[in-house]
Amino acid sequence: QVQLVESGGGLVQTGGSLRLSCQASGSTIKSRAVGWFRQGSEKEREFVAAVGWDGRSTSYVDSVKGRAAISRDNVTDTVFLQMNSLKPEDAAIYYCAASSPTSSTDTSSESSDYEFWGQGTQVTVSS
């Protein structure tokens with residue numbers, strides 16, 4: 001079993017930055033892809049970014065391209081999401097999720113491809 005705990009959320013002004021962290025425990029995520037998803041108030045959960053197990057393969061939803069960077073540290077089993085130039089529409093609960101172990105470096109934007117989920121961290125952006 002993999003336990004995931006997100007942190008780093010908070011209140012930030014429009015144009016500000018946040019660095020979200022996803023710490024894994026229980027079992028390593030070294031061989032798993034990790035994704036970040038978010039769910040805003042009265043909105044469907046949406047994909048934000050993902051990183052392959054190797055840390056080199058990444059993907060982003062169009063709305064955050066150029067403003068977000070996902071990275072991972074396989075020594076500490078932590079995945080990061082740096083969000084810059086935040087907009088009010090970025091406000092949401094952000095969740096990280098880990099896939100099943102895989103040798104593929106592919107990333108997925110489908111929530112059904114992820115096996116374990118964290119409880120989320122709230123990001124609020126003031127205008």
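All values below come from the heavy atoms of this structure, side chains included, with hydrogens, waters and symmetry mates left out.
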* **Hphob cluster co-occupancy, Trp53 + Ile29, side-chain heavy atoms under 4.5 angstrom** => no

* Tyr94, Val5: one ILVMFWY side-chain cluster at the under-4.5 Å cut-off? -> no

* **Those residues that, when tested against Phe37, pass ring-ring contact (aromatic ring centres under 6.0 Å, His included) (two or more places apart)** => Phe47, Tyr114, Trp117

* To do: Return each pair, listed once, that meets disulfide (SG to SG under 2.5 Å) where at least one residue sits in residues 51-81; pairs must be two or more places apart or across chains.
  => none

* Structure fact -> Minimal heavy-atom distance between Ser85 and Arg67, with the atoms involved, is O-NH1, 3.0 Å

* Asked: So Leu18 and Leu86, side-chain contact (heavy atoms from CB on, under 4.5 Å) or not? Walk me through it.
  -> CA-CA 8 Å; Leu18 282 175; Leu86 283 160; 4.0 Å; yes

* Is the Lys NZ or Arg CZ of Arg72 less than 6.0 Å from the centre of Phe80's six-membered ring, within 45° of the axis? -> no

* Asked: Do Thr78 and Thr76 get their side chains close enough for a donor-acceptor pair, meaning under 3.5 Å?
  -> yes

* **Residue pairs passing the disulfide (SG to SG under 2.5 Å) test where at least one lies in residues 30-85, sequence neighbours excluded** => none

* To do: With rounding to the nearest 0.5 Å, note down the distance linking CG in Asn74 to CG in Asp54.
  => 8.5 Å

* Heavy atoms of other groups near Gln1 CD, more than 12 under 6.0 Å -> no

* Any side-chain heavy atom of Trp36 within less than 4.5 Å of one from Val51? -> no

Only distances under 3.5 Å count here; give the side-chain donor-acceptor pairs of residues 6-16 to other protein atoms, sequence neighbours excluded, each with its distance to 0.1 Å.
| unit_1 | atom_1 | unit_2 | atom_2 | d |
| --- | --- | --- | --- | --- |
| Glu6 | OE1 | Gln119 | N | 3.1 |
| Glu6 | OE1 | Gly120 | N | 2.8 |
| Glu6 | OE2 | Cys96 | N | 2.9 |
| Glu6 | OE2 | Gly120 | N | 3.3 |
| Thr14 | OG1 | Ser126 | O | 2.8 |

* Structure fact -> Contacts of Ala68 meeting side-chain contact (heavy atoms from CB on, under 4.5 Å) (sequence neighbours excluded), chain-then-number -> Tyr60, Val64, Leu81, Met83

* Measure the NZ-OG distance between Lys87 and Ser63 for me, rounded to the nearest 0.5 Å. => 7.5 Å

* Which residue pairs satisfy the disulfide (SG to SG under 2.5 Å) criterion with at least one member in residues 32-80, sequence neighbours excluded? -> none

* So, Ser17 and Asn84: side-chain donor and acceptor under 3.5 Å apart, yes or no? -> yes

* To do: Any chance you could measure Asp77, atom CG, to Leu4, atom CG, to the nearest 0.5 Å?
  => 9.5 Å

* Any side-chain heavy atom of Arg38 sitting closer than 4.5 Å to one from Arg45? -> no

* Under 4.0 Å between a Lys/Arg side-chain N and an Asp/Glu carboxylate O for Asp62 and Lys65? -> yes

* Asked: Hey, is NZ on Lys30 packed in by over 12 heavy atoms from elsewhere, all under 6.0 Å?
  -> yes

* Asked: Quick one: CG on Asp106 to OG on Ser99, what's the gap to the nearest 0.5 Å?
  -> 10.5 Å

* For the pair Ser111 and Glu46, evaluate side-chain contact (heavy atoms from CB on, under 4.5 Å) and give the outcome as yes or no after the intermediate values. => CA-CA 8 Å; Ser111 58; Glu46 68 167 347; over 6 Å; no

* Asked: Under 4.5 Å between any side-chain heavy atoms of Leu20 and Val123, yes or no?
  -> yes

* Roughly how far, to the nearest 0.5 Å, is the CZ atom of Arg56 from the OG atom of Ser71? -> 14.5 Å

* Which atom names give the shortest non-hydrogen contact between Ser108 and Ala50, and what distance separates them? -> O-CB, 3.9 Å

* Asked: With no hydrogens and no angle check, is any side-chain donor or acceptor of Ser57 less than 3.5 Å from a backbone partner on Thr105?
  -> yes

* Asked: Closest approach of Gln3 and Gly26, non-hydrogen atoms and distance?
  -> OE1-CA, 3.4 Å

